[in-house]
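Okay, so here's the structure we're looking at.
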Amino acid sequence: MASKYYIELDKAGVTEGAQTFLTRALAYMADNESSGFLSIEDAKKLGLKRLPGRINQLVKEEVMVPVFLDENGERCRHPCSISVLSLSSSLSYNRSHLGWDFPKWLKWQEPMERQIRKRKADRERVAQRRAEVENVARQSQNVASAQLPIPKEPTYVGRAVTESNASATENAAPEIHPEPFNERPTGPPVDANGWSLVRRVIPDAHPQSVRTSLAMHCGSMLKKGQPEQDVVDALSLWLTKPNLGPGVLPSLVSEVIKSRTAASSFGSGTAGVGKATEKARGWHQLGQQLAQAQQESLDSTQKEITQ
C-alpha cells in the first residue's frame with residue numbers, strides 16, 4: 001500500500017475513524033483477493049462501530065464508490081453519495097446495492113495485485129491441467145472396460161452327462177495336497193562336502209544347529225578353494241575351544257595356516273618351533289583325541305541300548 005495515502009485524506013479533512021475503516025478495508029480485501037471490492041457483509045466484519053458515518057466521508061472523497069445492480073442485472077457504479085441512499089445506522093441498503101469499489105486500489109496496491117492475479121492464473125492453470133489428466137484417465141478406463149471379454153452364458157448339461165461325470169469323479173485318483181508351507185525346510189541349502197567333514201570330525205552329541213552352522217562354513221570355504229585338510233584341522237581345533245561358537249571357524253583355519261607356515265619356516269621337528277606353533281599342534285592332537293574318545297563313548301552307548 002502507498003505509504004503517503006493518509007496525507008491526501010488529512011488534507012481533505014477525513015477523520016481518523018474513517019481512515020481506520022479504510023486501513024482495515026484495504027487489509028481485508030487484500031487478504032481475500034477481492035481486487036478492490038468490499039461488499040456490505042464484508043464491511044460488517046471489520047469490527048468497527050458507526051460504519052455509516054465513516055463510509056459517508058470516504059464516499060464523499062470518492063475513495064469508495066457504491067456499486068449497484070442495474071435493470072439488466074449488471075454491476076454499475078452509482079454517482080450519488082451514501083446519504084442520498086438513506087443509509088440507516090444498521091448499515092442496511094436496498095437490494096440492488098452490492099457494496100463499494102475503491103478506484104485508487106491499483107494505485108495503492110499495484111504490486112500486490114499483480115501477485116494476486118498471477119496466483120489466480122496459476123491456480124486456474126493447475127486446475128485445468130488436473131481436469132485434463134482426470135479426463136484422459138477416465139477415457140482410458142472406459143476403453144479398457146469396453147475391451148474386457150464378455151462372460152459366456154452357462155450351457156445346459158443333461159442328466160446323463162451329469163451322472164457319467166459323477167461316476168468318473170468317484171473313480172478318479174485321490175487329490176494329493178501339497179506340503180504345508182510351515183512344514184517345508186527354510187534357510188539356505190547346506191553343502192554336502194561341508195556336511196561330510198562335520199560328520200567326520202564333530203561328534204553327534206553336539207546340537208544339530210551348531211553342526212549345521214559348521215557345515216555351512218565348511219562348504220563356503222571349500223567352494224572358495226580352501227584345502228580340505230585345513231578345514232578338518234580347524235574343526236579339530238574348534239573342539240578344544242569350549243567357549244567359541246561355530247562362527248569362528250574361518251579364524252581357526254587362519255590359525256592352522258599360520259601354525260603350519262611357522263613350522264615349515266623352521267624345518268621339520270620341534271627345533272626352532274615357537275610356543276604358539278607348539279600350542280596349536282597340541283590343540284590339534286588334543287582335538288583329535290577328544291573327538292575319537294567322544295565317538296567311541298557314543299558308539300558304546302548305542303551298543304548298550306541296542307543290546
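The structure presented is a predicted model; accordingly, all values stated were derived computationally and were not measured.
- With hydrogens and angles ignored, the 3.5 Å screen pairs a side-chain donor or acceptor of T212 with a backbone N or O of Q208.
- For CZ of R129, the number of neighbouring non-hydrogen atoms (other residues, nucleotides, ligands) closer than 6.0 Å is 12 at most.
- Take T15 and apply the side chain to side chain donor-acceptor pair (under 3.5 Å) test, not counting sequence neighbours, and it matches Q57.
- Considering every non-hydrogen atom in both A43 and L51, the closest pair reads O-CD1, 3.6 Å.
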Sequence neighbours left out, cut at 3.5 Å: what donor-acceptor pairs do the side chains of residues 190-198 make with other protein atoms?
| residue | atom | partner | partner atom | Å |
| --- | --- | --- | --- | --- |
| D191 | OD2 | N193 | N | 3.0 |
| D191 | OD2 | G194 | N | 3.2 |

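- For the side-chain contact (heavy atoms from CB on, under 4.5 Å) with W100, the lone residue among D42, I40, L58 that qualifies is I40.
- For S220, the side chain to side chain contact (heavy atoms under 4.5 Å, CB included) partners two or more places apart in sequence, or in a different chain, are K224.
- Contact annotation: the side chain of V63 never approaches that of W105 to less than 4.5 Å [non-hydrogen atoms, C-beta and beyond].
- Not a single donor-acceptor pair under 3.5 Å links the side chain of K60 to the backbone N or O of I55.
- Scanning both residues, R54 and K49, for their nearest heavy atoms gives NE-O, 2.7 Å.
- For R125, the salt bridge (charged side-chain N to carboxylate O under 4.0 Å, His left out) criterion is met by D122, not counting sequence neighbours.
- The two residues A25 and F102 have their closest heavy-atom pair at CB-CZ, 4.1 Å.
- Of all heavy-atom pairs spanning L222 and E228, the tightest one is CD2-CA, 3.9 Å.
- Between G99 and H97, the shortest heavy-atom distance links the atoms O-NE2, 3.0 Å.
- Side-chain N or O atoms of S34 include none that pairs as donor or acceptor with a backbone N or O of A30 at under 3.5 Å.
- Applying the side chain to side chain contact (heavy atoms under 4.5 Å, CB included) rule to V248 yields the partners W238, L244, L252; only residues at least two apart in sequence or on another chain are considered.
- Residues forming a side chain to side chain contact (heavy atoms under 4.5 Å, CB included) with E134 (at least two apart in sequence, or on another chain): R130, R138.
- Between the CG atom in L48 and the CZ atom in R24 there is a gap of 4.5 Å [rounded to 0.5 Å].
- With respect to R260 and D230, a salt bridge is recorded, a charged nitrogen being found less than 4.0 Å from a carboxylate O.
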Should F37 and L98 be marked as a side chain to side chain contact (heavy atoms under 4.5 Å, CB included) after you check the CA-CA gap, both sets of side-chain angles, and the distance that decides it? CA-CA 10 Å; F37 174 77; L98 301 178; 4.1 Å; yes

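- When all heavy atoms of A234 and V253 are compared, the pair lying nearest together is CB-CG2, 3.4 Å.
- With hydrogens and angles disregarded, a donor-acceptor distance shorter than 3.5 Å links the side chain of N32 to the backbone of Y28.
- Atom CD1 of I202 and atom CG of L235 lie 5.0 Å apart (nearest 0.5 Å).
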